[in-house]
Amino acid sequence: MGLSTALRILDTLDDVSVSIVTEQTTPLTMSDGAGGFWQPYVLGDTPTEKMWGGETFQYLLDLSSTESAAIAGIYLTSGEDVYHDIVPDPFWSDIVLGFRHLTRTELQRYSGARINEKGGKLINKRINNFSELYPHYDVIVNCSGLGSQMLCQDIDLQPCKGQLIKVDAPWIKRFLNADDDQVYILVNCDAVILGGTNEVGEYSTHVNKKERQRIWTKCCELLPSLKHSKYISDWVGFRPSRSKVRLQRETSRFGDSQIEIIHNYGHGGAGITLHWGCAGEATKLVREALGRQMTAKL
């Protein structure tokens with residue numbers, strides 16, 4: 001979320017200097033290990049998820065046909081969401097391409113780097129308080145995810161543990177999401193992702209063997225050929241879960257001075273789904289915060 005927001009600011013606003021201050025960088029971020037799938041998930045009562053998600057989907061779709069697609073890891077694929085019972089169409093059915101209901105026959109198949117180019121700076125550093133950034137910047141954009149528990153004293157923000165299995169199964173070309181069984185099979189560029197878990201308030205970084213077995217068993221029931229896949233790795237990460245996304249402007253005081261902070265966090269399991277739309281909204285708030293300043297630091 002932070003990199004996308006920085007990029008949109010640099011794309012949109014003239015004469016600004018942007019620094020990204022982060023404790024972890026690739027390949028140690030949550031985004032590096034996540035399933036990487038566009039679909040709203042674990043968002044609570046976020047009211048504008050359709051707008052942000054729709055803008056992000058169009059951005060990713062456009063990017064998928066450019067020479068940057070491979071570098072960005074954008075892979076356009078199709079697949080199914082399957083349920084035990086009939087459910088209403090999701091609100092995003094008119095955003096994705098070719099949404100439709102499965103036929104009875106189909107159902108029977110189942111048994112159950114640009115920021116550097118624009119002059120942005122990357123600072124590898126842990127921040128414990130916003131005062132560490134003031135007075136070096138005119139505006140602070142907070143995309144710290146779970147870090148906002150400490151930085152903002154946000155008791156509404158909780159970790160939501162996600163656990164995945166990565167396998168090599170190049171014959172699988174379509175994703176499959178079985179919400180009723182709480183498992184999914186996602187096709188990435190270089191692996192197939194089997195998930196997952198949704199454990200709110202769980203802080204353990206260890207692989208839960210019982211959950212791992214459940215994921216493997218359920219996914220193999222859906223696609224038996226997975227039994228012949230080659231194991232790559234397990235992964236555990238934490239979604240920044242909140243009752244709704246916090247995307248707002250706040251004025252904070254440090255002694256007799258003040259600074260504008262744009263908060264952009266709490267995207268749950270929909271960071272990829274909302275990132276570009278939320279980055280655009282954050283950029284609008286940055287523009288408002290800068291007012292008439294021609295040259296600014298963020």
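The first residue of the sequence shown is numbered 1, and numbering continues consecutively from there.
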Short question: side chain of [X], backbone of [Y] - any donor-acceptor pair under 3.5 Å?
| X | Y | answer |
| --- | --- | --- |
| Asn124 | Glu23 | yes |
| His275 | Ile272 | yes |
| Thr77 | Lys173 | yes |
| Trp52 | Gly280 | no |
| Thr251 | Gln258 | no |
| Ser19 | Lys121 | no |
| Thr217 | Gln213 | yes |
| Arg8 | Trp276 | yes |

Note, [X] side chain near [Y] side chain (heavy atom, < 4.5 Å):
| X | Y | answer |
| --- | --- | --- |
| Val286 | Val16 | no |
| Leu226 | Ile172 | yes |
| Thr5 | Cys278 | no |
| Phe99 | His101 | yes |
| Ser229 | Val192 | no |
| Leu194 | Lys218 | no |
| Trp38 | Trp92 | yes |
| Met150 | Ser144 | no |

Show the numbers, then the answer: is there a side chain to side chain contact (heavy atoms under 4.5 Å, CB included) between Ile165 and Val167?
-> CA-CA 7 Å; Ile165 306 171; Val167 300; 4.0 Å; yes
Say you draw a straight line from [atom1] of [X] to [atom2] of [Y]; how long is it, rounded to the nearest 0.5 Å?
| X | Y | atom1 | atom2 | value |
| --- | --- | --- | --- | --- |
| Ile259 | Tyr134 | CD1 | OH | 7.0 Å |
| Ile9 | Thr283 | CD1 | OG1 | 4.5 Å |
| Gln163 | Phe238 | CD | CZ | 10.0 Å |
| Ser241 | Asp156 | OG | CG | 8.0 Å |
| Ser148 | Asp154 | OG | CG | 7.0 Å |
| Arg126 | Thr22 | CZ | OG1 | 11.0 Å |

Taking all non-hydrogen atoms of both residues, which atom of [X] and which atom of [Y] are closest, and how far apart?
| X | Y | answer |
| --- | --- | --- |
| Gln158 | Gly201 | OE1-CA, 4.2 Å |
| Tyr137 | Ile123 | OH-CD1, 3.6 Å |
| Ile232 | Ala191 | CD1-CB, 3.9 Å |
| Ile262 | Ala289 | CD1-CB, 4.5 Å |
| Gly145 | Tyr265 | N-CB, 3.9 Å |
| Cys220 | Lys227 | SG-CG, 3.8 Å |

Treating Ile, Leu, Val, Met, Phe, Trp and Tyr as nodes and any side-chain heavy-atom pair under 4.5 angstrom as an edge, say whether Leu157 and Tyr203 lie in one connected cluster.
-> no
Could you give all pairs that pass the salt bridge (Lys or Arg N to Asp or Glu O under 4.0 Å) test and reach residues 252-279, with sequence neighbours left out?
-> Arg249-Glu260
Compute whether any side-chain donor of one residue and acceptor of the other, for Asp81 and Gln39, lie under 3.5 angstrom apart.
-> yes
More than 12 heavy atoms of other groups within 6.0 Å of Ile155 CD1 =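 No, because the 6.0 Å sphere around CD1 of Ile155 holds 12 heavy atoms or fewer from other groups.
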Check the pair Arg239 / Asn198 against side chain to side chain contact (heavy atoms under 4.5 Å, CB included), numbers first and verdict last.
-> CA-CA 9 Å; Arg239 309 174 185 95; Asn198 182 22; 3.9 Å; yes
Evaluate side chain to side chain contact (heavy atoms under 4.5 Å, CB included) for Tyr184 paired with Leu222, printing each intermediate quantity in order.
-> CA-CA 9 Å; Tyr184 49 79; Leu222 289 168; over 6 Å; no
Would Asn129 and Glu132 satisfy side chain to side chain contact (heavy atoms under 4.5 Å, CB included), going step by step from the backbone distance to the final call?
-> CA-CA 6 Å; Asn129 193 290; Glu132 298 174 40; 4.2 Å; yes
